[in-house]
Q: 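Please see the structure below; I have some questions.
Excluded from the calculations below are hydrogen atoms, water molecules and symmetry mates; all remaining heavy atoms, backbone and side chain alike, are included. Residue numbers start from 1 in every chain, and the chains themselves are labelled A, B, ... in the order their sequence lines are given, proteins ahead of strands.
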Amino acid sequence: MRLSQFHLATVKEVPADAEIASHRLMLRAGMIRRLASGLYTWSPLGLRVLRKVENIVREEMDRAGAIEMLMPSIQPRELWDETGRWEKFGGQLLKIKDRKQQEFCYGPTHEEVVTDFARNELKSYKQLPVNFYQIQTKFRDEIRPRFGVMRAREFLMKDAYSFHLTQESLAETYAVMYQAYVRIFTRLGLTFRAVQADTGAIGGNASHEFQVLADSGEDAIAFSDGSDYAANLEKAEARATAAAAPAPAAPLQRVDTPRQRTISEVAEFLQVSPQQCVKTLLVRGNDGLVALCLRGDHEINEVKAGKLAELPGESVLASEEEILAACGTRPGFIGPVGLPDAIPVIVDRDAAVLADFVCGGNANGSHYTGANWGRDARIGRVADLRNVVEGDLSPDGKGVLHIARGIEVGHVFQLGQKYAEALNASVIDDSGKAQVMTMGCYGIGVSRIVAAAIEQRHDEAGIIWPEAMAPWRVAVCVINPKNASAAVNEAAEALYQALGQRGIETVLDDRGLRPGGMFADMELIGIPHRVVVSERGLAAGTLEYRGRTDAESRSLTEQELFALLA
RNA sequence: CGGGGUAUAGCUCAGUCUGGUAGAGCGUUGCGUUUGGGACGCAAAAGUCGGGGGUUCGAAUCCCUCUGCCCCGACCA
């Protein structure tokens, strides 16, 4: 590509409300332009990168045996009524009507459509397993779109759906997809981790997220330094630090804590560490309130709490009024000692192995010291309620957990029969009986990958593309082309042609910018390799090469350059 | 949905408090000088000051209202 024939539109300034590096750099590089909240135009430059990602995803899906298709983005309400998700999906579903007032939505995902396709197309177990995929625009009416294309309302996604007769077959395809994802993110040149993910309300046997590691990531992930264990923080299991509580050594004593309500205030006031305190959260249970007890320095994990049998499927903190009505105490002074019998007490594993601890006194302005389970407070049962923290033992017993931030770019999921059952998608098995199919689904946020890559790889000057994602691998920069000798322009043109003939994607910067502006642009848009052609270099018979992350330029012969790029 | 902020040239923003002919930088166009890290000079084009209503002799500025956008929170996977 000759840059003089392209539309490169870099800018120096960027709106103050572009918060994260990838959003700022994509705007500055002119890759995207905002049309409305969460809606972005991909410029020619941005599209080149997006297509690089898309093509790698497509190649690896094809290699893994998935079959590409394309489904409509507009979907009829009736199909969504069949699975009950027209209502359940809520405000994220963009609903529209046609001229006959019939209702449709812009697809946020395609389980309904693909399962409808499958129930019409697949009749026999001999057609299974089969894995359909598409790369297509999705729309989710996010409450708060942000960070440019990182969390946009309209975005490009690869979604694949596999159909099986048995769970074993699903597990096989799941493993193949998992490996395909590993290949994709490896080829893209990203630092990532596959982590166990919560399967949520859908159930199923397995789910993994692929997280690109970046400090600005919205997800927290835990991983072991002694094994390959890695999980989303909402999923990571917290093991108790001790097998059992030590024997009680201190007497139970009520102490006045007139204005100390938070754990940190109480701990400081009583001169104990937060680890020696028990905090008690009251949440709405199936039948009245439920008490959840945690060690003072630990955080509740709402996903784990929501799964407790005593809770209605979600964890919602009780209001101050509800607490006052049930306990006669304001929040801040609640504790397991002397709590009304009607309130079940569920204790986190680590809180359960404390002895002589501090807890709320169930009276305004008072706490207990020297409290002990059994002697002073009842334990309904012990459960894993908390988020793991840096330094926790890995749940597989090997190594210690560390916490990192990640950006979710892929998610594989063993769906089971939820959708096939709702839509009655079945095939005839070898005994002639109809069997509901078992499904898996596998998503990749194609447009999000572009932002995630920048988030992971950038510097002061701009984007640092992995080679596989760069809009061009090499930039040939001509110094002062309008006034340089014919030889310089000819040499640049010849080099550009030679690189192209070797299959190396090259951009020729023949715009005639001053060198500073030209270099700044090539660095901003993240071209991995830069070669300068000038009178100076021509006289010396060498090319001036500089890698995107190199501190300085160096001289290469043309042959050395080709070898380096081979 | 609750709270906060914001809307002025293509872009980034001053100007609003204290009402009196619309500003800067970047970008764009033309001319000239320049040409190895975002050059310089001169000239020019470019604005229903988000929409509507009100107060006033007079509103970008004060008041009411609507809308868009951004941030925090709640929500959601």
Q: What nucleotide, of B:rG27, B:rU12, B:rG37, holds the atom closest to the side chain of A:R530?
A: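 For A:R530, the side-chain atoms sit closest to B:rG37.
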Q: So which nucleotide does B:rC40 pair with, by the Watson-Crick or G-U wobble rule with both distances under 3.5 Å?
A: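 B:rG32 is the nucleotide pairing with B:rC40.
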Q: Between A:H23 and A:Y40, how do the two ring planes meet: parallel, tilted or perpendicular, split at 30° and 60°?
A: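 If you compare the ring of A:H23 with that of A:Y40, the planes turn out perpendicular.
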Q: Do we see a donor-acceptor contact under 3.5 Å between the side chains of A:D159 and A:Q134?
A: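 Yes - a donor-acceptor pair under 3.5 Å links their side chains.
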Q: Please name the pair of heavy atoms, one in A:L70 and one in A:I135, separated by the smallest distance, quoted to 0.1 Å.
A: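 That would be CD1-O, 4.2 Å.
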Q: Report the distance from atom NZ of A:K235 to atom P of B:rA77, rounded to the nearest whole Å.
A: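 That distance rounds to 17 Å.
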Q: In terms of side-chain heavy atoms of A:R34, which of B:rC69, B:rC71, B:rU35 is nearest?
A: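 Closest nucleotide among those given: B:rC69.
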Q: Does B:rG2 pair with anything, Watson-Crick or G-U wobble, both distances under 3.5 Å, and if so, with which nucleotide?
A: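 Base partner found: B:rC72.
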Q: Give a yes/no answer on whether the side chain of A:R514 brings an N or O atom under 4.0 Å of OP1 or OP2 in B:rA39.
A: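 Indeed, a polar side-chain atom of A:R514 lies that close.
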Q: What's the closest nucleotide to the A:K12 side chain, out of B:rC72, B:rA39, B:rG27?
A: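 Within the option list, the nearest is B:rG27.
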Q: Which base sits across from B:rA24 as a Watson-Crick or G-U pair, both distances under 3.5 Å?
A: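 The base-pairing partner of B:rA24, which may sit in any strand shown, is B:rU12.
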Q: Quick check on RNA chain B: between A:G512 and A:V316, whose nearest nucleotide comes earlier from the 5' end?
A: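 Nearest-nucleotide comparison on RNA chain B picks A:G512.
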Q: Between B:rG38, B:rU35, B:rC70, which one does the side chain of A:S37 approach most closely?
A: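 Within the option list, the nearest is B:rC70.
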Q: State which of B:rG37, B:rG38, B:rC71 makes the closest approach to the side chain of A:R546.
A: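 Comparing B:rG37, B:rG38, B:rC71 against the side chain of A:R546, the answer is B:rG37.
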Q: Can you tell me the Watson-Crick or wobble partner of B:rA45, both distances under 3.5 angstrom?
A: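 By the stated definition (distances under 3.5 Å), nothing pairs with B:rA45.
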Q: So what's B:rA7 paired with, Watson-Crick or G-U wobble, going by both distances under 3.5 Å?
A: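 When the pairing criteria are applied, B:rU67 turns out to be the nucleotide that pairs with B:rA7.
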Q: Roughly how far, to the nearest 0.5 Å, is SG of A:C441 from NZ of A:K418?
A: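 It is 11.0 Å, given to the nearest 0.5 Å.
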Q: Measure centre to centre between the rings of A:F132 and A:F117, then say whether the value is under 6.0 Å.
A: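 Here the rings of A:F117 and A:F132 have centres that are less than 6.0 Å from each other.
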Q: Mark yes or no for a side-chain to base donor-acceptor pair under 3.5 Å between A:E523 and B:rG37, with no hydrogen or angle criteria applied.
A: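 Answer is yes: a donor-acceptor pair is held.
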Q: Closer to the 5' end of RNA chain B via nearest nucleotide, is it A:N483 or A:V11?
A: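 So the residue in question is A:N483.
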Q: Determine whether a donor-acceptor pair (one donor, one acceptor, N or O, separation below 3.5 Å) exists between the side chain of A:E13 and the base of B:rG27.
A: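 Check fails, no donor-acceptor contact within cut-off.
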Q: Decide yes or no, distance alone: a donor-acceptor N/O pair under 3.5 angstrom between the base of B:rG2 and the side-chain of A:R144.
A: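 Check fails, no donor-acceptor contact within cut-off.
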Q: Checking contacts here: which listed nucleotide (B:rU12, B:rG38, B:rA74) is nearest the side-chain heavy atoms of A:I143?
A: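 Nearest listed nucleotide: B:rA74.
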